[in-house]
2 protein chains.
Amino acid sequence: MRETAAAESRPYHHGDLSRALIDAARRLLESEGPSALSLRAVAREAGVSPAAPYHHFKDKGELLEAVAAEGWDLLNESLAAARKSANSVKDKLTALGVAYVVFARENPSLYRIMYDGSRNKEELPSHVHLEDDSAYCQVRDTLVEAGADPTDEIALELATTAAWCAAHGLAEMASFKQFDTLKSALGSEEAFLRGVFDHMRIFADDHGK
Amino acid sequence: MRETAAAESRPYHHGDLSRALIDAARRLLESEGPSALSLRAVAREAGVSPAAPYHHFKDKGELLEAVAAEGWDLLNESLAAARKSANSVKDKLTALGVAYVVFARENPSLYRIMYDGSRNKEELPSHVHLEDDSAYCQVRDTLVEAGADPTDEIALELATTAAWCAAHGLAEMASFKQFDTLKSALGSEEAFLRGVFDHMRIFADDHGK
DNA sequence: AGTATATCTGGACGCCGTAAAGATCATCTT
DNA sequence: AAGATGATCTTTACGGCGTCCAGATATACT
């Protein structure tokens, strides 16, 4: 009478329902978009009753936070990969910016979840800022590699913030139809992104010289 | 038996309910935040039945669009004022950016409504881009005043987009608690904003020379 | 006047998030 | 081995939501 799927020796009845709920949520997010992501729909998708999630998450927001956390992990990986594959030191920061925006384009619903929770709490998840290979720290380290002065902490934080804001702003704008003509005039979306970044000192300069 | 308030000689029973609904929505938005902005709550606030709005707006989204449109108008005015009051030509663009972010901080719920509708349709309201004193055009014109080459259309559009993205990105980030220490290290929020903008060529350079 | 038409109300439907009470089952104690 | 414990899940229920429909109401036209 046991379900054939899922791990055998997990805590209780279902076998790691929180994991299953997060997966169900991400499945729904990709197939139906953020507006279809109700707690009941997630429970339905996972095959449990509407109240079951409450034994694993305080409320809907806490489930979304767990989904968002996985989004941040994915973003970190994308950025790390872009950092490695960049040709020159000079190009690394732009590559990072492009990778950031491309991530948002390829995971639009997830990206939205990542920031929606933060906006309500008025702070980003702390591990985004603090952990060593977090997205924020990767940007900061890349700035240093590109020539920023690591001893001037305030300037470094400001520059990192500027880069982050630029990437986030572009990530939210790039999908607007208004830019279609510009994109096709430039030949590709990536050319458009690089074009925008090229108009920001942070993505073009060698920092102060 | 007539209500004493509101204009007397308007179309029907209520006397311009759509106006009253938009006002009610903005009142609710300020007092309770975006999550409290249900269509029913708006109707309640306006003193009509839950179904009444459907004679003036196709659905909830269309009402929110009307609210957002007023938000864009307000933003345009803020930017125009900032443009006028800026001291030097060189400072105009930064002043514009600061004004943009300050608008978002002072009208956080309205600012969210303005972009939420756009995100769903994947395009900004057309008058934001097209009309002559629209926010976008004000930024573009200011860039030209600051020395950008108006004949290179593509570069101008890219630069405008870069400035817009930077301002939007910072507007969404600036309220995060993570930046509190940086703000107080710099003495004020405006110093923080200018500090971030200063790390973007678009807000600091004289454009190509 | 009488008719058409735009506007508003009341009630209904199926969703939603969430809470409380009861059933079920792994684990712990003895 | 047996029973108690407590976590997990289901059922049921509540109020709120967006939206539709049928009827009431008041304006405008002829």
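Numbers restart at 1 for each chain; the letters A, B, ... are given by sequence-line order, proteins then strands.
- Evaluation of the ring pair (Phe, Tyr, Trp, His ring centres under 6.0 Å) rule for A/Y111 yields A/Y100, A/Y115, A/H168 as partners, not counting sequence neighbours.
- Minimum interatomic distance between A/L193 and A/A174 (heavy atoms only, all atoms of both residues): CD2-CB, 4.2 Å.
- Using a 3.5 Å distance cut-off with no hydrogens or angles, the side chains of B/E157 and B/Y136 do pair a donor with an acceptor.
- Listed for the A/E45 side chain is no donor-acceptor partner under 3.5 Å among the backbone atoms of A/L28.
- When the P atom of D/dG18 is taken as reference, atom CD of B/E62 falls 15 Å away, rounded to whole Å.
- The CD-P distance, from B/E32 to D/dG16, rounds to 14 Å in whole Å.
- In this structure, the CG atom of B/L17 is 15 Å from the P atom of D/dT27, given to the nearest Å.
- At a threshold of 4.0 Å, the pair A/R19-A/D23 counts as salt-bridged, since one of the basic side-chain nitrogens sits closer than that to a carboxylate oxygen.
- Listed by chain and residue number, B/R83 satisfy the side-chain hydrogen bond (donor to acceptor under 3.5 Å, both in side chains) test with B/T142 (two or more places apart in sequence, or in another chain).
- One interatomic measurement links the two molecules: NE2 of B/H55 to C1' of D/dA26, which rounds to 13 Å at whole-angstrom precision.
- Straight-line distance from the CG atom of B/L21 to the P atom of D/dG18: 13 Å, rounded to whole Å.
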| For nucleotides 13-19 of chain C, read 5' to 3', which letter fits each nucleotide if B means a protein heavy atom sits under 4.0 Å from the base, S means only the sugar-phosphate is that close, and - means neither? | ---BBBB
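- Going from atom CG of B/N120 over to atom P of D/dG18 covers 15 Å, rounded to whole Å.
- Considering only side-chain N and O atoms, A/H56 lies nowhere under 4.0 angstrom from the phosphate OP1 or OP2 of D/dA7.
- Between B/D16 atom CG and C/dT7 atom C1' there is a gap of 13 Å when expressed in whole angstrom units.
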